[in-house]
Amino acid sequence: MALYGLTIHELQAMLAGRHVSAVELTRAVLDRIAAVEDRVRAYITLDPEGALQQAAAADKKLGAGSGGPLCGIPFSIKDVLCTDGLRTTCGSRILENFVPPYDATAIVKLKQAGAVLLGKVSMDEFAMGSTSENCAFGPPHNPWNTAYICGGSSGGSAASVAADECIASLGTDTGGSIRQPASHCGVVGLKPTYGRVSRYGLVAFASSLDQAGPLTKDVTDCALVMNAISGHDPRDSTSVEREVPDFCRSLQDGLGGMKVGIPKEYFIEGLDPEVEKAVMGGIRHLREAGAEIVEVSLPHTDYCVAVYYLVAPAEASSNLARYDGVRYGLRDTSADTLLDMYRDSRSAGFGPEVKRRILIGTYALSSGYYDAYYKKASQVRTLITEDFKRAFAACDLLASPVTPTPAWKLAAKVDDPLSVYLSDILTISANLTGIPAISVPCGFSGAGLPIGLQLQAAHFNEEKLFRAAYNLEQRLDISRLRPANL
Ligand code: GLN
C-alpha cells in the first residue's frame, strides 16, 4: 500500500526503524493531496513548506531516538483550532484573515508528540451544521462519491482522512460534529468525555458542549491520538484533573462480561432500513465477541433536538458577540458610527446559518423569555442526563446508529434547516450529558456510502468504547477499505 494509505501504528515502526523518513512520508501525503484535492476540497489552508520543515525536524528527532509517539505523522486540523502563525478561519468570512498568535492546547500536545501539521480543513461556519455546506469557502465532497455531503461540521477532517489526504485529523464535536462526518465518510471518530481534552484555543461555539477529538483510519490510531491530546490544562478550568490511561492498553481484551444496551427509542420510524441493517449486523458481532445485549430506554430522547437547539444557539449568541469588527476579524470601514460598524461588519462577515443561530439564541436568552426557553431547556437537559445515568446502571455501553440515514446529495437540504437539525437526534445527547461516544464503520448503503455504528459510555469510560470498537473493527474487517474511484 502507498505510504499515504497507512495508519499511525503501521507508520510508527517504519519511521522509528528509519525505513521511511518523515519528509518522504509528508511528501507522499502532499502528492496525494495534489492528486485528489480538486475533487475532495477538504483543505481551506494548506501549508506544504511548514509541513516539510516540521517533517525535517521530526527526522532529526527520530534519528536521535528521541521522537514522541506521533513523531513525523502528518495531520490535518479542523479550522476551528487555533494554530500559531497559521490562518484559522472557522469556515467564516469574518475570520478569513485571522492568524492566531498561539496554539490551542490540543495542538501544542500534538506538536509535542511530534506530529506534522499539513494545514487546516473545511467545516461548517463556526461548526454550525451537519453537512459542511455552511463553510464560507465551499463545501468538502464525500470521497466515496463526490456528489454527496461528507457530513459536518468536521467534514474536512473526515474527508481528508477517508481520501488519505492526511494520516489522521483533529475535529470538534458540539452535537455530533466528529461522529456524524466520521460515519458518513467511513472513518473512526471519537468525541471524548467533556473535560478530557482542553478547550483552550478551540474557538468557542457552545462552551458547555464543545470537545475536540480524533478522526482516524482505525480504532488503534484513535486511541493513540487520544493518548497525546488528553489531560488537564490549567488554561481550561473545565478540563478535568484525572489520570489519563493508556487508551491502547485494553484494546485487545475481549468483550466477555460487557453489557451493551440498545436504546429502544433510537430504533424508530424514520430510521433508514439500510442503516438499521448495518447497525444490527454490527451489534450481532458485538454479541459474538462476548457482549451481552440488553434493551434499555432513554425516555426523553424526543426532547433532545429541541433542548440542543436552544442551549447551543444561546451559548453561541453569547460567544459570537466578540466578533465586533474591533479586536480582530473583518471590519467594515465605511460606516460612520460605531453601531453601524458593528452591524455592517457582522452582517457582511457571518453567513445565514450563523445569523439564524444568533437570532434564536438571543431570543431564548432575552428577558421575559429566558425562563420559558433557556431555563426550561436546561431543566430538560438534566432529565436527559438522568436517563443516561439509569441506562448506565444497567449496561456498560449503548450501541446505536450515528445518524438516521446515510449521507445525502450536496445541496439536497440547504433550504430545509429543520430537517438537518432533526438528523442530529442520535448524537446530541452525548454532548448534552458530557459522555464519550465513538463512531466506527459498520457497513455500506446500496449506493456505496459508509454507515457508522455509535457506541456511548459513561463519563471517562473511553477505554470501554475503544475495546468494543476494536473488537467490532477486527470482526468486520472493513476499516481499510478506501474509495475506489478517487
Ligand atoms: N449539527 C449540530 C449543529 O449544527 C452539531 C454541530 C457540531 O457538533 N459542531 O449544531
Side-chain angles (χ1 to χ4, degrees), residues 77-81 90-92 121-135 139-140 149-158 169-185 189-192 194 197 199 202-215 304-320 350-361 364 377 381 402-405 407-408 413-414 416-439 452 454 456:
I77 306 292
K78 184 178 183 180
D79 212 13
V80 72
L81 289 156
C90 294
S92 182
V121 279
S122 190
M123 54 181 283
D124 286 301
E125 185 174 6
F126 286 102
M128 297 174 192
S130 309
T131 67
S132 298
E133 291 168 298
N134 298 332
C135 180
I149 57 156
C150 35
S153 64
S154 311
S157 288
S169 188
L170 282 193
T172 62
D173 192 312
T174 303
S177 278
I178 290 175
R179 292 159 284 155
Q180 187 258 24
S183 174
H184 284 335
C185 291
L190 174 86
K191 181 201 92 72
Y194 185 81
V197 178
R199 290 185 298 111
L202 188 186
V203 178
F205 160 13
S207 307
S208 77
L209 306 165
D210 299 339
Q211 259 301 277
L215 291 99
C304 286
V305 173
V307 169
Y308 173 86
Y309 279 96
L310 283 167
V311 172
E315 294 186 20
S317 71
S318 159
N319 275 325
L320 271 59
F350 290 137
E353 182 61 29
V354 172
K355 287 178 183 158
R356 184 157 36 231
R357 305 274 180 123
I358 293 173
L359 284 172
I360 297 171
R381 184 177 181 176
V402 181
T403 65
T405 67
W408 55 85
K413 296 194 186 180
V414 283
D416 190 3
L418 197 58
S419 88
V420 179
Y421 295 175
L422 288 169
S423 74
D424 292 336
I425 177 150
L426 305 176
T427 48
I428 48 194
S429 42
N431 304 76
L432 291 170
T433 57
I435 60 173
I438 195 167
S439 171
Q454 174 171 244
Q456 305 184 75

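Read the numbers this way: they start at 1 and go in the same order the structure lists the ligands and their atoms. Both backbone and side-chain heavy atoms feed into the values below; hydrogens, waters and symmetry mates do not.
The 4.0 Å heavy-atom shell around ligand 1 contains residues Ala127, Met128, Gly129, Ser130, Ser153, Asp173, Thr174, Gly175, Gly176, Ser177, Phe205, Tyr308, Tyr309, Arg357, Asp424, ordered by chain and number.
Applying the side chain to side chain donor-acceptor pair (under 3.5 Å) test to Thr433 and every residue at least two apart in sequence or in another chain returns nothing.
When side chains are defined from C-beta on, Phe350 does not count as touching Arg356, because their heavy atoms never get closer than 4.5 Å. Residues Pro214 and Leu190 are in side-chain contact: their nearest non-hydrogen atoms beyond the backbone lie under 4.5 Å apart. Contact check for Thr131 versus Pro139: no side-chain heavy atoms found under the 4.5 Å cut-off.
None of Thr172, Thr174, Ile438, Asp173 except one satisfies the side chain to side chain contact (heavy atoms under 4.5 Å, CB included) rule with Lys191; the exception is Asp173. Just one residue in the list Gln180, Lys78, Arg179 forms a side-chain hydrogen bond (donor to acceptor under 3.5 Å, both in side chains) with Ser154, and that residue is Lys78.
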